[in-house]
Amino acid sequence: MIQHIEVFLADVPTIRAHRLSVATMTTQTLVLVRVRCADGVEGWGEATTIGGLNYGEESPESIKVNIDTHIAPLLLGMDARQVAKAMARVRKVIQGNRFAKCALETALLDAEARRLGVPLSQLLGGRVRDELPVAWTLASGDTATDIAEAESMLDARRHRIFKLKIGLRPVAEDVAHVLAIKRALGDKVSVRVDVNQAWSELDAMRGIAALEEGGVDLIEQPVRADNLGAMARLAARFTVPIMADEALHGPADAYALATACAADVYAVKITQSGGLGLAQQVASVAQLAGISLYGGTMLEGAIGTAASAQVFSTFGELAFGTELFGPLLLTQEVLQEPLVYRDFMLQVPAGPGLGVDIDLPRLQALCRK
Ligand SMILES: O=C(O)C[C@H]1C=CC(=O)O1
Ligand SMILES: [Mn+2]
């Protein structure tokens, strides 16, 4: 039986300022959910988002208050082992709140997989890979700093895929910044850009032409999420793949984007999809439509990153790898044993449930009082 649900908000400083077109982050607020069951088993989930309300329509505070006030009461007393039934109840009466739903589904599946002594991926059909390629985001705002950071990641054999955050400066300046980095790093790396919706369609036509010419491998969400027409025209016009990120909020969007031929690649995120099963449905739609996959992040800490890894490990195709580097952007560890990154890969945890264990005293020390 589901006995207790608790939401923790922890403000963790980042290792450096992280500049996106919608926000500059110097701390990340981890939103963690613990579900305790009557049989003594507990599970954890994460609903972390980016930039308060700058990126999406759920903030850390709204997620906590909505779970505490509206969602937890629906779940308390239900059979903890019937995860699908519990989530069906929540989905029937709660509109939106995808991040909260994802965290709760994660926690329930973590608990059930621990009970069964299997990795969470086993409850999702089983994994087809045990490690995932991991991109790093260069977003210091300074070209030379970004190049030095990338070189050190290459030397440490941690990352060889780099995503550059652009869209804040004029198009010509952003293009010069990206191409300087691409020239400095050469063909041994993959350089990609994320515009976070900042460009008009005209900006995008100019910017993408230059980036494609300069050898950039992927263009993420160049224009507004709701402008599927522009996404489709850009995808048809350019050879460099166009990736949907903010436009993708679960299977219905995946279907609409596929129907509109509005993306070549999907950035699948478990929170944006509304849960682990729904993220798998997004992948199924992509597979049916011939769209490639990329495992995205909302810069979650270790719990959300482990949950994402469990899901992405089940994807048959993952042509563009993942960006599951969230914990590496944070100055504080919340796990007893950190996730393992080596040889440009994240090892998908193999133990029961999420395969990671929270260090509760450490987390509590970081939590808002
Ligand atoms: O993809 C986004 O828009 C959000 C996020 C993912 C990596 C990163 O640096 O920011
Ligand atoms: Mn993005």
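In listed order, ligands and their atoms are each counted from 1.
Ionic pairing of Asp187 and Lys182 is present here: one or more N-O contacts between side-chain nitrogen and carboxylate oxygen are shorter than 4.0 angstrom. Taking the charged nitrogens against the carboxylate oxygens, Arg368 and Glu61 do have a contact shorter than 4.0 Å, which makes a salt bridge. By the 4.0 Å N-to-carboxylate-O rule, Glu201 lies too far from Arg206 to be salt-bridged with it. A salt bridge between Lys163 and Glu323 is present, with a side-chain N of the basic residue lying under 4.0 Å from a carboxylate O of the acidic one.
For the pair OE2 of Glu220 and OD2 of Asp245, the angle whose vertex sits at the Mn ion (ligand 2) is 90° to 10 degrees.
When only modelled atom types and interatomic distance are considered, Ser190 and Asp217 share a side-chain donor-acceptor pair under 3.5 Å.
Taking the six-membered ring where tryptophan is involved, the planes of His159 and Tyr341 are tilted, since the angle between them lies from 30° to 60°.
The 12-atom threshold is not exceeded at CD of Gln287, counting heavy atoms of other residues, nucleotides or ligands nearer than 6.0 Å.
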Protein N/O near ligand 1 N/O, under 3.5 Å, which pairs?
| residue | atom | partner | partner atom | Å |
| --- | --- | --- | --- | --- |
| ligand 1 | 1 (O) | Lys163 | NZ | 2.8 |
| ligand 1 | 1 (O) | Asp194 | OD2 | 3.1 |
| ligand 1 | 1 (O) | Glu220 | OE2 | 3.2 |
| ligand 1 | 1 (O) | Asp245 | OD2 | 3.0 |
| ligand 1 | 1 (O) | Lys269 | NZ | 3.3 |
| ligand 1 | 3 (O) | Tyr55 | OH | 2.6 |
| ligand 1 | 3 (O) | Lys165 | NZ | 3.1 |
| ligand 1 | 3 (O) | Asp194 | OD2 | 3.1 |
| ligand 1 | 3 (O) | Asn196 | ND2 | 2.8 |
| ligand 1 | 3 (O) | Asp245 | OD2 | 3.1 |
| ligand 1 | 9 (O) | His18 | NE2 | 2.8 |
| ligand 1 | 9 (O) | Thr137 | OG1 | 3.0 |
| ligand 1 | 10 (O) | Lys165 | NZ | 3.2 |

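For Asp194, the N/O/S atom at the shortest distance from the Mn ion (ligand 2) is named OD2.
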